[in-house]
Amino acid sequence: MDTLFGITGKDFVITAYDSKAVASITLMKIGEDKSRELNSHALMLFSGEPGDGVHFSEYVERNIKLYGIRNGIELSPRAVASFARRELADSLRSRKPYSVNLLIAGFDVKTNKPALYWLDHLASLADVPFAAHGYGAYYCLSLLDRYHREDITEEEGIKLLDKCIKELRSRMILNMPDFVAKIVNKDGIRLVQLGGN
């Protein structure tokens, strides 16, 4: 029941995730953090089985940070996505595969370009201009497809996310609590306030 969103712009990526933790049909907690800052310019959002999501995201986060410490450089968003994809692919061939879906957002400081990567639990990887995971994808991918542009501004991106969240709240039978939004750009990662929260 998790919902993740990502939108790339000319020089940024904006992401959002719902902040609920559920077990079956029961809302367990509001305020759940479903993101990990992998380095100063890379952010990962995760959804799926609760234990798998937390375990896998912490594993990736710590390995990316360890690489940065050992080698004195940060991995690019593409390298981060490749590492996560490889780990998911290896887990698929084990007895206990991870059941997680990921969005990896980042800003490549070498090329000065934003990047958004969509990964699913079967280790599929795609470089995309916008993405969604979870039930929210059924309602909002058409909105993202219609209103997304390559040169979208941060303000327009936030309005588009607000439009998606409003659509979820009006059409989904499930209660959609607050969403948390973060922007990744050349200056790093920062929280942003959505209008609908």
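For the single chain, residues carry numbers from 1 onward in sequence order. Since this is a predicted model, take the numbers as computed values, not measurements.
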- Kindly say whether His41 contributes a backbone atom to a donor-acceptor pair with the side chain of Asn39 at under 3.5 angstrom? yes

- Message: Keeping Asp108 on the side-chain end and Pro77 on the backbone end, is there a donor-acceptor pair under 3.5 Å?
- Response: no

- Task: Compute the centroid of each ring, for Tyr98 and then for His55, and state whether the two points are separated by less than 6.0 Å.
- Result: yes

- Kindly indicate whether the side chain of Trp118, heavy atoms from C-beta on, has any atom under 4.5 Å from the side chain of Ser124. yes

- Message: Using side-chain heavy atoms (C-beta onward) and a distance below 4.5 Å, is Glu58 in contact with Phe46?
- Response: no

- Can you tell which of Ile104, Leu45, Ile64, Val54 makes a side-chain contact (heavy atoms from CB on, under 4.5 Å) with Arg36? Val54

- Task: For His133 and Gly48, indicate whether the former's side chain and the latter's backbone hold a donor-acceptor pair under 3.5 Å.
- Result: no

- How about Leu161 and Ile14: do any of their side-chain heavy atoms sit closer than 4.5 Å? yes

- Query: Is any side-chain heavy atom of Ser57 closer than 4.5 Å to a side-chain heavy atom of Met44?
  - Reply: yes

- Task: Could you tell me whether the side chain of Asp145 and the main chain of Leu141 form a donor-acceptor pair under 3.5 Å?
- Result: no

- Message: Counting only heavy atoms from other residues, nucleotides and ligands, does the tally under 6.0 Å from CZ of Arg190 exceed 12?
- Response: yes

- Ionic contact status for Lys163 with Glu167, cut-off 4.0 Å: no

- Lys159 atom NZ, over 12 foreign heavy atoms within 6.0 Å: no

- Taking only Lys NZ, Arg NE, NH1 and NH2, and the carboxylate oxygens of Asp or Glu, determine whether Lys166 and Asp162 approach each other closer than 4.0 Å. no

- Item | Counterpart residues, salt bridge (Lys or Arg N to Asp or Glu O under 4.0 Å), relative to Asp151 (two or more places apart) | Arg149

- Message: I'd like to know if the side chain of Ser91 and the backbone of Pro97 have a donor-acceptor N/O pair within less than 3.5 Å.
- Response: no

- Are any side-chain N or O atoms of Glu150 and backbone N or O atoms of Gly9, one a donor and one an acceptor, separated by less than 3.5 Å? no

- Message: If you define the side chain from C-beta out and look only at heavy atoms, does anything of Ser76 sit under 4.5 Å from Lys110?
- Response: no

- Query: Taking side chain as C-beta onward, heavy atoms only, is Phe5 less than 4.5 Å from Cys140?
  - Reply: yes

- Begin from the C-alpha positions of Tyr135 and Asp2 and carry the test side chain to side chain donor-acceptor pair (under 3.5 Å) through to its verdict. CA-CA 7 Å; Tyr135 286 125; Asp2 303 323; over 6 Å; no

- Query: Between Lys20 and Glu32, does at least one N-O distance fall below 4.0 Å, as a salt bridge requires?
  - Reply: no

- Where at least one partner belongs to residues 70-94, residue pairs that pass ring pair (Phe, Tyr, Trp, His ring centres under 6.0 Å), sequence neighbours excluded: none

- Close side-chain approach of Asn112 and Asp11, heavy atoms under 4.5 Å: no

- State whether the side chain of Ser19 and the backbone N or O of Asp178 hold a donor-acceptor pair below 3.5 Å, judged by distance alone. yes

- Task: Answer whether the closest heavy-atom distance between the side chains of Phe107 and Val109 falls below 4.5 Å.
- Result: yes

- Message: Using 0.5 Å steps for rounding, measure from the CG atom of Asp187 to the CZ atom of Phe12.
- Response: 13.0 Å

- Item | Check: Ala84 main-chain N/O paired with Glu87 side-chain donor or acceptor under 3.5 Å | no

- Task: Could you pull out the closest heavy-atom pair between Ser99 and Asp52, with the gap in Å?
- Result: N-OD2, 2.9 Å

- Taking all non-hydrogen atoms of both residues, which atom of Leu38 and which atom of Lys65 are closest, and how far apart? O-CG, 3.5 Å

- Message: Any side-chain to backbone donor/acceptor pair from Thr8 onto Val13? Under 3.5 Å, distance only.
- Response: no

